[in-house]
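These values consider heavy atoms only, across backbone and side chains, with no hydrogens, waters or symmetry-generated copies.
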Amino acid sequence: MAFVVMSVNVFAQDVNVILKEASNLERSLKDDQALDKYKSVLAADPSNLQALIRSSEISSAIGARQTDKKAKQDYYEQARNYADKALAINANSADANYVRAVVAGKLTEVESDNKKLVADVKDIKTYGDKALAIDPNHGKANYVLGKWNYEMVTLSWAKKAAIKVLFGGMPGASIEEAFKYMEKCKTLEPYFVLNFSDLAKAYKYDNQPAKAIAVLNQLVKLPTRSPDDVALKAEGKKLLSEMQ
């Protein structure tokens, strides 16, 4: 019995070490290596919630960088699988609901079937709302709902028509709600570059150049904390120079 207890303790320690290594790799902007570490945790402990959540979010991020549509979709399907497993373990995890909302948003980029596209659009809102119901101060979940509102407002007429038919009307969304959620994210996640980028675009879209420029001025000074931040900051710098 003592041997079994000792083995369990050693196993837990090993998992914690690997999780720490994975987290350090993320901070070093080595997403691919971090994902491999989280996968090794899941190979030993398939119900590890932290590893499932991080694997989902990283898979979504890596997928977004793929140029091949099939490769992109494969990463997104993988991300959805991890998120669904996390929710099966704890449906009341704000992080699990958040990553499920994230991957739903990513899937809208590659989905060609209108019914599935609308289902993904619904999922963004459903899981984003659930994440905030659990934790109203979940910064990135606020961003997800802000982006959802912005995208509903700026959809092409063709996509709006499809959503109206399949949704039974356009879902309630507004640019004001987009600002509300993304401004709250800016307060809660002051280094989340993607939120600054989309918030600036939303203000520009709404003909509020002064606010867009103020956000962009903050964006270009932010530290690089994800592999996507360099490109986002370069894009922000370009937009800032065009607007000034």
(request) Give the C-alpha distance, both sets of side-chain angles, the deciding distance and a yes or no for salt bridge (charged side-chain N to carboxylate O under 4.0 Å, His left out) between Lys106 and Asp120. (result) CA-CA 9 Å; Lys106 297 298 184 187; Asp120 290 332; over 6 Å; no
So, does [X] use its side chain to make a donor-acceptor pair with the main chain of [Y] at under 3.5 Å?
{"X": "Lys233", "Y": "Leu222", "value": "yes"}
{"X": "Asp135", "Y": "Ala131", "value": "no"}
{"X": "Ser28", "Y": "Lys30", "value": "no"}
{"X": "Asn217", "Y": "Ile213", "value": "yes"}
{"X": "Asp68", "Y": "Lys70", "value": "yes"}
{"X": "Ser59", "Y": "Ala79", "value": "no"}
{"X": "Trp148", "Y": "Gly105", "value": "no"}
{"X": "Lys72", "Y": "Gln66", "value": "yes"}
{"X": "Asn142", "Y": "Pro136", "value": "yes"}
{"X": "Ser197", "Y": "Val193", "value": "no"}

(message) Could you measure the distance from the CD1 atom of Ile134 to the CG atom of Asn97? Nearest 0.5 Å is fine.
(response)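 Reported to 0.5 Å precision, the distance equals 4.5 Å.
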Do [X] and [Y] have a side chain donor and acceptor closer than 3.5 Å?
{"X": "Ser55", "Y": "Lys39", "answer": "no"}
{"X": "Tyr181", "Y": "Glu176", "answer": "no"}
{"X": "Glu109", "Y": "Tyr76", "answer": "yes"}
{"X": "Asp206", "Y": "Gln208", "answer": "yes"}
{"X": "Tyr98", "Y": "Glu57", "answer": "yes"}

Is any side-chain N of the basic residue among [X] and [Y] closer than 4.0 Å to the acidic one's carboxylate O?
{"X": "Asp31", "Y": "Arg65", "answer": "yes"}
{"X": "Glu151", "Y": "Lys147", "answer": "yes"}
{"X": "Lys238", "Y": "Glu235", "answer": "no"}

(request) Please report the C-alpha distance between Arg225 and Asp229 in whole Å, then the side-chain angles of each, then the deciding distance to 0.1 Å, and finally whether the salt bridge (charged side-chain N to carboxylate O under 4.0 Å, His left out) criterion is met. (result) CA-CA 7 Å; Arg225 294 198 170 184; Asp229 287 354; over 6 Å; no
(message) Between Glu21 and Lys37, is the salt bridge (charged side-chain N to carboxylate O under 4.0 Å, His left out) condition met? List the steps.
(response) CA-CA 7 Å; Glu21 289 172 351; Lys37 288 283 185 184; 2.9 Å; yes
(request) Determine the interplanar angle of the Tyr203 and Phe179 rings, folded into 0 to 90°, and report it as parallel if under 30°, tilted if 30 to 60°, perpendicular if over 60°. (result)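 Answer is parallel, since the angle falls under 30°.
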(request) For residues Leu35 and Gln78, report the shortest heavy-atom separation together with the two atoms involved. (result)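 Result for this residue pair: CD2-NE2, 4.0 Å.
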(request) Answer yes or no on whether Lys140 is positioned over the face of Phe192, meaning its NZ or CZ is under 6.0 Å from the six-membered ring centre and within 45° of the axis. (result)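 Judged by the rule (NZ or CZ under 6.0 Å from the ring centre, within 45° of its axis), Lys140 counts as positioned above Phe192.
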(request) Kindly work out whether a path of hydrophobic side-chain contacts (I/L/V/M/F/W/Y, heavy atoms less than 4.5 Å apart) joins Val215 to Tyr143. (result)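 Same cluster: Val215 reaches Tyr143 through Ile, Leu, Val, Met, Phe, Trp or Tyr contacts under 4.5 Å.
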(request) Step by step, work out the side chain to side chain contact (heavy atoms under 4.5 Å, CB included) result for Lys204 and Lys201. (result) CA-CA 5 Å; Lys204 183 175 184 289; Lys201 289 173 186 174; 5.5 Å; no
